[in-house]
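Reviewing the structure listed below.
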Number of protein chains: 2
Amino acid sequence: MLDQLSQKFAALADPTRRAMLTRLSKGQASVSEVAKPFLKRMSMPAVTKHMKVLERAGLVTKTKDAQRRLCDLNPDGFKDTVAFLEKYRQLCEESLDRLGEYLESITNQSNQANRKKTDDRQ
Amino acid sequence: MLDQLSQKFAALADPTRRAMLTRLSKGQASVSEVAKPFLKRMSMPAVTKHMKVLERAGLVTKTKDAQRRLCDLNPDGFKDTVAFLEKYRQLCEESLDRLGEYLESITNQSNQANRKKTDDRQ
DNA sequence: GAGTTAATTAACCAGTAGGTTATATTGGCA
DNA sequence: TGCCAATATAACCTACTGGTTAATTAACTC
């Protein structure tokens with residue numbers, strides 16, 4: 001049995017499940033509503049399983065409504081993943097800064113050709 | 001073969017690999033330096049494999065130095081994972097706000113017992 | 001050139017993940 | 001009561017993961 005954080009990253013490591021989360025970020029939906037875009041590609045039980053993975057990871061909650069199960073994002077569920085990556089976001093920004101400095105350095109000693117290249121990159 | 005983003009989340013879904021990243025966030029290290037804390041628990045080839053997963057996911061780079069392989073974090077490699085979760089970070093903050101409001105509401109009608117409990121939680 | 005250190009590769013195994021089809025459960029409705 | 005819809009479970013299959021031990025490669029050192 002994996003720890004909670006590993007379960008969350010594992011849940012995120014599947015494009016189908018990420019697409020489901022994206023759908024839910026637009027609002028509550030039943031399992032079959034969430035399933036709709038995927039049913040050409042895979043069966044209903046496959047969708048049910050994916051939902052269960054998201055639920056057990058704590059990223060999604062379900063509530064009963066007659067036969068339907070209404071699914072919601074659990075925003076708190078993302079906190080520890082975000083917190084873990086926060087340490088590295090700092091590094092991202094630093095590396096962006098380094099890129100900025102680099103671009104600046106080649107701009108300072110710039111000629112037309114260099115400036116043209118930089119402009120193209122926008 | 002998984003897409004790049006799935007590979008990254010999959011790479012993050014293992015506590016050993018996350019620990020390796022944390023080690024590397026403190027600075028460059030050879031494979032065996034990174035391996036050291038894990039060699040009671042697992043063999044060297046296991047560590048090599050984990051490093052390869054991180055490398056193929058684009059989270060780590062390796063450079064040759066004689067027999068050694070020096071490993072570095074690749075900060076840019078974290079950008080798309082952070083970007084994906086950024087959408088949900090907003091929701092986190094909103095839910096933090098709700099928690100704040102809730103705590104405030106119970107504080108306003110507070111008694112000693114309530115305040116004591118909250119203090120313990122620090 | 002022989003030995004040593006650092007790291008990888010090969011071959012293998014058990015467990016898990018992601019899919020399938022078929023079956024069961026649960027609740028609204030005629 | 002009997003049927004339909006929404007969802008879940010069971011049983012199964014294949015492929016991948018994470019580990020093992022043994023062997024290999026590559027570069028330094030004496």
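Here the structure is a predicted model, which is why all the values come from computation and not from measurement. A note on names: the letters A, B, ... follow the listed sequences, proteins ahead of strands, and every chain is numbered from 1.
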#### Entry: Nucleic acid contacts - residues 20-38 of chain B versus DNA chain D, non-hydrogen atoms under 4.0 Å
none

Identify every side-chain donor-acceptor pair in residues 31-54 of chain A under 3.5 Å, counting partners at least two apart or on other chains, and give the distances.
unit_1	atom_1	unit_2	atom_2	d
E33(A)	OE1	S30(A)	N	3.0
T48(A)	OG1	M44(A)	O	3.3
H50(A)	ND1	R17(A)	NH1	3.1

### Whole-Å distance separating the CZ atom of R56(A) from the P atom of dA8(D)
14 Å

### Message
Run the salt bridge (Lys or Arg N to Asp or Glu O under 4.0 Å) test against K62(B) and tell me which residues pass, sequence neighbours left out.
### Response
E55(B)

### Query
Residues in salt bridge (Lys or Arg N to Asp or Glu O under 4.0 Å) with D3(B), at least two apart?
R18(A)

### Query
dG19(C) P sits how many Å from M51(A) CE, rounded?
14 Å

### Task
May I ask you to test the L12(B)-L21(B) pair for a side-chain heavy-atom distance under 4.5 Å?
yes

### With Q4(B) via side chain to side chain donor-acceptor pair (under 3.5 Å) - residues at least two apart
none

### Summary
For C71(B) and V60(B), the nearest pair of non-hydrogen atoms, with its separation, is CB-CG1, 4.3 Å

## Note on the structure
Whether each nucleotide of nucleotides 17-29 of chain D has a protein heavy atom under 4.0 Å at its base (B), only at its sugar-phosphate (S) or at neither (-) is summarised, 5' to 3', as -SBBBB----BS-

### Query
Are any of the side-chain heavy atoms of F78(B) and L59(B) separated by less than 4.5 Å?
yes

### Query
Whole Å only: how far is the NZ atom of K62(A) from the C1' atom of dT26(C)?
14 Å

### Task
Side-chain contact test, heavy atoms from C-beta onward, threshold under 4.5 Å: evaluate it for F9(A) versus D14(B) and give yes or no.
no

### Task
Would you mind reading off the distance between K52(B) atom NZ and dA10(C) atom C1', rounded to a whole angstrom?
13 Å

